Amino acid sequence: MASKEQVQLNAPHAPKPRALEAFGILLPTIRLEIMKSRHDWDKHEPKMWSRATGISDHDLVGNIDLQQDLVEVRSGDVSYGTIIFGKLRVGTNDDEEGFVHIRIHDPPNAGDEDVMFHSIWTDEGNKDEMERPATWNAIQWRNTPLDWFNE
């Protein structure tokens, strides 16, 4: 697997047609993975998806329109294709916009059928001296940088 040190990501920018196409192919999978992550985290650390507490799965991901809600992307080439990171607007239980950071992979020269979902960034941040997190955020804010993650 590629690392942050091995891949030069381009600057954050609005999605171009290929990114919209790749995320569009995976949108059903992305919706399911967001719901799965939410339900899995709710079992052992409900703070991770706290900005979605009290709203339905449909309100969280059912109204995603990629033309409007995929607001930023970054990508980097690797020997086995392109890694694409996206900032995707989702529903929240507060008055602020919320975004999930998604990582996908687009292998070279194989058409659309091979675009793959990789992961969702679930931020376990502000670690103490014992490396225990003090904050948990799966839903980010608009100003949260879209940076490399391996999850």
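Hydrogens, waters and symmetry mates are skipped; everything else that's a heavy atom, side chains included, is used. Source: prediction; values computed, not measured.
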[X] side chain to [Y] backbone, donor-acceptor under 3.5 Å:
X	Y	result
D128	E131	yes
R142	F99	no
T92	E96	yes
K87	I102	no
R74	N10	yes
Q140	N137	yes
N93	T53	yes

Look at the side-chain heavy atoms of Ile, Leu, Val, Met, Phe, Trp and Tyr, link any pair under 4.5 Å apart, and say whether [X] and [Y] land in one connected group.
X	Y	result
L9	Y80	yes
I120	I55	yes
L32	I139	yes
L146	V71	no
L27	V115	yes

Output the distance between atom [atom1] ([X]) and atom [atom2] ([Y]), rounded to the nearest 0.5 Å.
X	Y	atom1	atom2	value
L26	L66	CG	CG	10.0 Å
N150	S119	CG	OG	7.5 Å
D40	K36	CG	NZ	5.5 Å
T122	E45	OG1	CD	11.0 Å
D77	I83	CG	CD1	9.0 Å
H118	E33	NE2	CD	11.5 Å

*Output, in order, the C-alpha distance, side-chain angles, deciding distance and verdict of side-chain contact (heavy atoms from CB on, under 4.5 Å) for F23 and I84.*
CA-CA 9 Å; F23 274 88; I84 308 170; 3.6 Å; yes
Nearest heavy atoms of [X] and [Y], plus distance in Å:
X	Y	answer
V7	G76	CG1-CA, 3.7 Å
P15	A19	CB-CB, 4.2 Å
D94	R51	OD2-NE, 2.9 Å

*Residues two or more places apart in sequence or in another chain: which of them pass salt bridge (charged side-chain N to carboxylate O under 4.0 Å, His left out) with D123?*
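In terms of salt bridge (charged side-chain N to carboxylate O under 4.0 Å, His left out), with neighbours along the sequence ignored, D123 is linked to no residue.
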_Contact check, side chains of F85 and W121, non-hydrogen atoms, under 4.5 Å_ =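 No, too far: nothing below the 4.5 Å cut-off.
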*asked:* Between S56 and D59, is there a side-chain heavy-atom distance shorter than 4.5 Å?
replied: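 The answer is yes, as the side chains (C-beta and beyond) meet within the 4.5 Å cut-off.
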Is the closest side-chain donor-acceptor distance between [X] and [Y] under 3.5 Å?
X	Y	result
T82	D106	no
D147	H101	no
S37	W49	yes

*Applying side-chain contact (heavy atoms from CB on, under 4.5 Å), run through D69 and N63 and close with a yes or a no.*
CA-CA 9 Å; D69 297 324; N63 297 315; over 6 Å; no
*Mind running side-chain contact (heavy atoms from CB on, under 4.5 Å) on L60 and R38 for me, showing each step along the way?*
CA-CA 10 Å; L60 178 63; R38 176 190 188 184; 3.8 Å; yes
_Less than 4.0 angstrom from a charged side-chain N to a carboxylate O is my criterion; do K47 and E124 meet it?_
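Looking at K47 and E124, the cut-off is not met.
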*asked:* Closer than 4.0 angstrom, basic N to acidic O: yes or no for R89 and D65?
replied: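 So R89 does not pair with D65 through a salt bridge.
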*asked:* Are F117 and H105, when compared by the centres of their aromatic rings, separated by less than 6.0 Å?
replied: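 No.
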*Should the pair R103 and W148 be classed as cation-pi, given the thresholds of under 6.0 Å to the six-membered ring centre and 45° from the axis?*
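Yes; both conditions hold, so R103 lies above the ring face of W148.
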